[in-house]
Amino acid sequence: MPKMKTHKGAAKRVRVTKNGKLMRGKAYTSHILTKKSPKRKRNFRKEGPISAADTKMIKRKLGS
């Protein structure tokens, strides 16, 4: 049986924490920032967790 390969697109977008949770970067950060409040833009910098519905599929893509 061949080895399972990591899905590189998923690996670049997702980080696995020490406890096995998956963290992702937030969307809506690239343009049209004038109408977004500073508080909202500041919160975009933080990572967010991946929803429970998607974790099984993404963990399989990461090979973990």
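These values consider heavy atoms only, across backbone and side chains, with no hydrogens, waters or symmetry-generated copies.
Note on residues 53-62: pairs passing side-chain hydrogen bond (donor to acceptor under 3.5 Å, both in side chains), not counting sequence neighbours, are S51-D54. Listed by first and then second residue, the side-chain hydrogen bond (donor to acceptor under 3.5 Å, both in side chains) pairs involving residues 5-30 are R15-E47 (not counting sequence neighbours).
K41 approaches K36 most closely through the heavy-atom pair CE-O, 3.3 Å.
The side chain to side chain contact (heavy atoms under 4.5 Å, CB included) search around R42 returns P38, K39, R45, not counting sequence neighbours.
Follow the hydrophobic side-chain contacts under 4.5 Å out from M23 and you never reach I58; the two are in separate clusters.
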